[in-house]
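Report on one structure; see the data block that follows.
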Amino acid sequence: VQLQAFGGGLVRAGDSLRLSCAASELTFSDYAMGWFRQAPGNEREFVAAISRDGGSTYYADSVKGRFTISRDNPKNTVLLQMDSLKPEDTAVYYCAAGMSDSYYYSDSYHYWGQGTQVTVSS
C-alpha cells in the first residue's frame, strides 16, 4: 500500500493550498481517509477525515470553516483544500487510510503517507 501526499509549499497568511493524496495497492473505497499534521516539537494532531463514501466529513475545531476534505473514489484520491491559512497551520501534513470509524485518532489508521510540508508566513 502506498499513500503519496502532494501540494505542500510556502505561502503567506491568508493564502490557499490544496493537498492531494494518491493511494495505490488498496481498495480505496474500503477505507476512511484522514489528514493529520505535525509541527516541530508537537505531537501529530488530527486535521480532517472523510468516510468511505465521502458522505461524512470531520474537522478539528482549529480548521473548521477554513479546510475542506473531499475524495474521488474512482481516482483513489483524497484532497484537502486549505483556505485562509494561518502561521499556526505550519506543519508536515500526512494523509492516512483506515478501516475504523474512529476518525479522530491516529491509532485508527493503518497506512500513512510520507508527509508534505506546509509553511505559512505571517
Side-chain angles (χ1 to χ4, degrees):
V1 174
Q2 279 196 331
L3 300 177
Q4 291 186 301
F6 304 94
L10 171 63
V11 297
R12 294 182 178 179
D15 285 351
S16 298
L17 274 178
R18 188 173 74 169
L19 305 184
S20 61
C21 176
S24 59
E25 306 298 327
L26 81 170
T27 304
F28 188 69
S29 59
D30 285 350
Y31 290 83
M33 298 298 297
W35 286 95
F36 288 74
R37 67 187 182 187
Q38 188 168 18
N42 291 357
E43 293 187 353
R44 191 172 296 187
E45 65 174 3
F46 171 79
V47 175
I50 188 166
S51 60
R52 292 166 184 78
D53 64 358
S56 298
T57 56
Y58 308 85
Y59 297 95
D61 288 343
S62 58
V63 307
K64 202 171 294 183
R66 300 188 297 120
F67 290 12
T68 304
I69 189 171
S70 61
R71 66 188 295 161
D72 185 337
N73 281 354
K75 294 184 178 180
N76 286 11
T77 301
V78 61
L79 303 175
L80 185 68
Q81 177 67 39
M82 304 186 295
D83 297 322
S84 302
L85 283 161
K86 303 176 181 180
E88 51 263 43
D89 295 318
T90 295
V92 177
Y93 283 71
Y94 299 89
C95 60
M99 303 188 82
S100 168
D101 290 335
S102 298
Y103 301 106
Y104 296 93
Y105 304 101
S106 59
D107 289 349
S108 300
Y109 293 84
H110 301 85
Y111 304 110
W112 292 82
Q114 83 285 6
T116 184
Q117 176 72 47
V118 173
T119 303
V120 184
S121 64
S122 56

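Positions are given from 1 along the sequence.
- Closest non-hydrogen pair, Val11 versus Ser16, comes out as CG1-O, 4.3 Å.
- Between Arg66 and Met82, every side-chain heavy-atom pair lies at or beyond the 4.5 Å cut-off.
- Taking all atoms of both residues into account, the shortest heavy-atom contact from Ala48 to Leu80 is CB-CD1, 4.1 Å.
- By the criterion of side-chain heavy atoms lying less than 4.5 angstrom apart, applied directly or through intervening Ile, Leu, Val, Met, Phe, Trp or Tyr residues, Tyr111 is grouped together with Ile50 in one hydrophobic cluster.
- Ring geometry for Tyr58 against Tyr103 counts as parallel: the plane angle stays under 30°, on a 0 to 90° scale with 60° as the upper cut.
- A continuous path of hydrophobic side-chain contacts links Leu85 to Leu19 [ILVMFWY only; heavy atoms under 4.5 Å].
- Counting all heavy atoms, side chain and backbone alike, Leu26 lies closest to Ala97 at CD1-CB, 4.2 Å.
- With hydrophobic clusters built from ILVMFWY side chains whose heavy atoms lie under 4.5 angstrom apart, Val120 shares a cluster with Trp35.
- The minimum heavy-atom distance between Cys95 and Ala5, with the atom names listed, is SG-CB, 4.2 Å.
- Contact annotation: the side chain of Gln38 never approaches that of Ser106 to less than 4.5 Å [non-hydrogen atoms, C-beta and beyond].
- The closest side-chain heavy-atom distance from Phe67 to Ile69 is not below 4.5 Å.
- Using a cutoff of 4.0 Å between basic side-chain nitrogens and carboxylate oxygens, Lys86 and Asp89 are not scored as salt-bridged.
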